[in-house]
Amino acid sequence: MLPVVVVHGGAGHIPKERSDLSTSGVCSAVRSAYALLQGGGSSLDAVVEAVLLLENNPSFNAGCGSVLNMKGEVEMDALVMDGKTLSSGAVSAVRNVANPIQLARLVMDKTSHAFLTAEGASQFARSMGVPEVPQESLITEYSRMRWKKKLAPDANPVECQMGKMGTVGAVAVDTDGNVACATSTGGMLNKMEGRVGDTPCIGSGGYADNMSGAVSTTGHGEAIMKVTLARHILFHVEQGQSAEAASDLGLAHMKSRVGGLGGVVTVDPQGNWAARFSSRQMAWAAAQKDTLHYGLYTGEHFTQIIEDHRA
Amino acid sequence: MSAVLVVHGGAWAIPDEMAPASVDGVKAAARHGASVLKSGGSALDAVEAAVRALEDNPIFNAGHGATLNVDGEVELDAIIVDGRTLASGAVSCVTNIANPVSLARAVMEKTSHVMLTGKGANQFAESIGINTFPTDKLVTEYEKKEWEKHKKYIAGVMAHDTVGAVAVDCAGNVACATSTGGIRNKMVGRVGDSPVIGCGGYADNSSGAVSCTGHGESILKVTLARLVLSHVEQEKSVADASQLSLQYMSDRVQGAGGTIVVAPSGQWAATFTTERMAWAAAVDGELWFGINPEERLKEKLSQ
């Protein structure tokens, strides 16, 4: 059953013309992460690798391709968590770095803190020799176009929030039974400067604990925070629910209590996994026992054999 | 249904010379919050009022009296949660404002967001007419000296700590609020547990309200506030839920801290695994308070 890795490329409403990009993006990320796991790599390395690839992929709202805030600027959030020790690293409202998930990992590994924000996070990046990249390198035509559209006086705010590709994330369990999660985002289109969503908040954007499992979330950030969705799902797992049932219970609670929609990827230490969403779509992919699983619309579950290139 | 309010002024090895002022401070804040409840105010109003009183008191590490980061600057975090709707507001690393808890409330009520950080949080404060103070107006002589002494942050050395309040009002609504200046000599931009929902605080009418204090990174690892309430959801008493959670934090991640909890029924608890925690609770016309382990002193609420 082990190892397993599941990734998501955001829950929401993905316009048809971009859905192929989302699907191929998550499949590609999961293949790389799985290869790493099969080679004996840790779940922590695998989730960071998957998210890094998605950050570099301009089709997703993370790293390059991030949505723009109210001022037309890029502010990014990320979280990584190690289920063995409960150590975590997070950054919020960080600018001018290509890979916020890498910076989050540095916070975890190289500081005695768990969360750095804004200018402090940038200072830390510089002190670690993380290259400062021009903001332009993170902005795509698509994200600029959507920002301009949102600012138009007759823009429909709800419609403009649709078509947003949400956050990216990954969960994994390695051959040692250690779980980990990673989540990264450019946040909400046209957000206020300094707005922090669920992504870097431990228990909301993600959580990982070898005793129960790992979760990475996506969707309406404020709603996810109000119910601390990742931690909520793992409480259900602790109470004996399966990864899938726990995920559905968490999403249902969020919908009924605070009217929010979203999606999650969940894995338990035995290798049971789920990719569930209450939004219309969520690009997701999973790899286990040399099989690639993926989907986009509700009810979809495609599979493909992963060729073993190691021989 | 009678209203209950509990406050804390931080869980840490409070030195003897600061103990009396800390106890006086939490008692005064509890009285202030209780009077809000008595005149029909909501749990949300009461926790904000109590935490504002603690922020204004320079003996505590929040607002006035906040501790300094490694650059000698003040960076403040706060959260407030309404248990009725789960509406929440938080600010992290906001600089030089006197009452971060009120700014957090404004995030909750005046924006469609839950959390603002850094410059963006300060800009929002300005946009709604909240004044900023120069650093030296907020910083005490004591903090300046301590910052000079310990130019480097040492993990495990507990400095001043966080303040918080929880309440249940006559309508059975619960709320929590937590505010802090963080850890002395922390890295610039370090965010602890206080403004992170589920960690520094959480409130839900279906179970209760919690405010936490102690080693921030440990509280984050176990999402302490949310953990306490998960035990309450499993039918544990608030006292047992608090003890179990703090014990878990100690066993799993070697962290110490304290929690205050209130349930919609009016059940309450103030629990800590550090040497001391100044706390006070206004319940049924009585004021309970303490600072040392096992201590539970009582006096009349109105004097």
Side-chain angles (χ1 to χ4, degrees), chain A residues 69-71 75 77 81-82 85-88 90-94 107 111-124 127 157 187-188 191-198 200-204 207 209 211 221-232 234-235 238-239 254 257-258, chain B residues 69-71 75 77 81-82 85-88 90-94 107 111-124 127 153-156 183 186-193 195-199 202 204 206 216-223 225-227 229-230 233-234 252-253:
Chain A
N69 72 10
M70 227 166 74
K71 290 188 160 161
E75 292 180 287
D77 307 329
M81 185 167 183
D82 176 354
T85 58
L86 302 188
S87 292
S88 69
V91 290
S92 65
V94 69
V107 172
T111 79
S112 48
H113 298 320
F115 193 170
L116 292 181
T117 189
E119 188 44 46
S122 294
Q123 267 185 42
F124 172 63
S127 77
M188 188 185 263
K191 60 185 175 176
M192 285 174 73
E193 187 175 345
R195 176 265 189 182
V196 179
D198 63 294
C201 293
I202 191 171
S204 295
Y207 197 75
D209 184 347
M211 286 180 4
E222 280 73 11
I224 291 171
M225 289 164 96
K226 288 175 184 181
V227 301
T228 59
L229 185 62
R231 194 64 191 88
H232 184 99
L234 290 173
F235 281 135
E238 285 162 24
Q239 297 304 312
M254 186 166 84
R257 192 71 199 270
V258 296
Chain B
N69 72 13
V70 77
D71 279 1
E75 286 182 312
D77 307 331
V81 184
D82 178 351
T85 58
L86 303 187
S88 171
V91 290
S92 69
C93 291
V94 66
V107 171
T111 79
S112 54
H113 298 323
V114 164
M115 188 171 182
L116 292 180
T117 188
K119 213 165 40 121
N122 271 90
Q123 279 177 17
F124 171 61
S127 77
Y153 168 65
I154 301 152
I183 310 185
K186 61 176 183 169
M187 286 175 74
V188 176
R190 175 267 188 181
V191 180
D193 64 290
V196 180
I197 189 167
C199 298
Y202 196 70
D204 186 344
S206 65
E217 280 74 13
S218 298
I219 293 171
L220 283 168
K221 288 177 182 181
V222 304
T223 61
R226 195 59 195 84
L227 180 63
L229 290 174
S230 73
E233 283 160 16
Q234 299 301 312
R252 188 83 196 262
V253 299

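Residue numbers start from 1 in every chain, and the chains themselves are labelled A, B, ... in the order their sequence lines are given, proteins ahead of strands.
Of the atoms belonging to V107(A), not a single heavy atom falls under 4.5 Å from chain B. Residue Q123(A) touches chain B through its side chain alone, counting heavy-atom pairs closer than 4.5 Å. Residue Q239(A) touches chain B through its side chain alone, counting heavy-atom pairs closer than 4.5 Å. Using a 4.5 Å cut-off between heavy atoms, T117(A) touches chain B through backbone and side chain atoms alike. Only the side chain of Q234(B) comes within contact range of chain A, judged by heavy atoms closer than 4.5 Å. Of the two parts of T85(A), only the backbone, made up of N, CA, C and O, holds a non-hydrogen atom closer than 4.5 Å to a non-hydrogen atom of chain B. Only the backbone of T85(B) comes within less than 4.5 Å of a heavy atom of chain A; no side-chain atom from C-beta onward does. For R195(A), the parts lying under 4.5 angstrom from a heavy atom of chain B are both the backbone and the side chain. With a 4.5 angstrom heavy-atom cutoff, V222(B) touches chain A via backbone and side-chain atoms both. Contacts of K191(A) with chain B are made by both backbone and side-chain atoms, with heavy-atom separations under 4.5 Å.
Most heavy-atom pairs under 4.5 Å with chain A, from the set V253(B), D204(B), V81(B): that is D204(B). Of all the listed residues (D198(A), V258(A), D209(A)), the one sharing the greatest number of non-hydrogen pairs under 4.5 Å with chain B is D209(A). Ranked by heavy-atom pairs shorter than 4.5 Å toward chain A, the options E233(B), Q123(B), K221(B) are led by K221(B). Considering only heavy-atom pairs separated by less than 4.5 Å from chain B, the leading option among V91(A), I202(A), T111(A), T228(A) is I202(A). When D193(B), L227(B), T117(B) are compared by the number of non-hydrogen pairs under 4.5 Å with chain A, T117(B) comes out ahead.
Contact annotation: the side chain of V107(B) approaches that of V91(B) to within less than 4.5 Å [non-hydrogen atoms, C-beta and beyond]. Contact annotation: the side chain of L229(B) never approaches that of F235(A) to less than 4.5 Å [non-hydrogen atoms, C-beta and beyond]. Within the 4.5 Å cutoff, the side chain of R257(A) has heavy atoms near those of the L86(B) side chain. The shortest distance between side-chain heavy atoms of E75(A) and V94(A) does not fall below 4.5 Å. At a threshold of 4.5 Å between non-hydrogen side-chain atoms, the residues S88(A) and D82(A) do not count as touching. In this structure, the side chains of M225(A) and S88(B) stay at 4.5 Å or more apart for every pair of heavy atoms. Counting heavy atoms from C-beta outward, P195(B) and M115(B) have side chains that approach closer than 4.5 Å.
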Just do the side chain to side chain contact (heavy atoms under 4.5 Å, CB included) check on C93(B) and V191(B) with the steps written out, would you?
CA-CA 7 Å; C93(B) 291; V191(B) 180; 4.1 Å; yes
Before you tell me yes or no, could you show the steps for N69(A) and E193(A) under side-chain hydrogen bond (donor to acceptor under 3.5 Å, both in side chains), namely the whole-Å CA-CA distance, both residues' side-chain angles and the distance that decides it to 0.1 Å?
CA-CA 6 Å; N69(A) 72 10; E193(A) 187 175 345; 5.3 Å; no
Tell me, with the steps shown, if H113(B) and E222(A) meet side chain to side chain contact (heavy atoms under 4.5 Å, CB included).
CA-CA 6 Å; H113(B) 298 323; E222(A) 280 73 11; 3.0 Å; yes
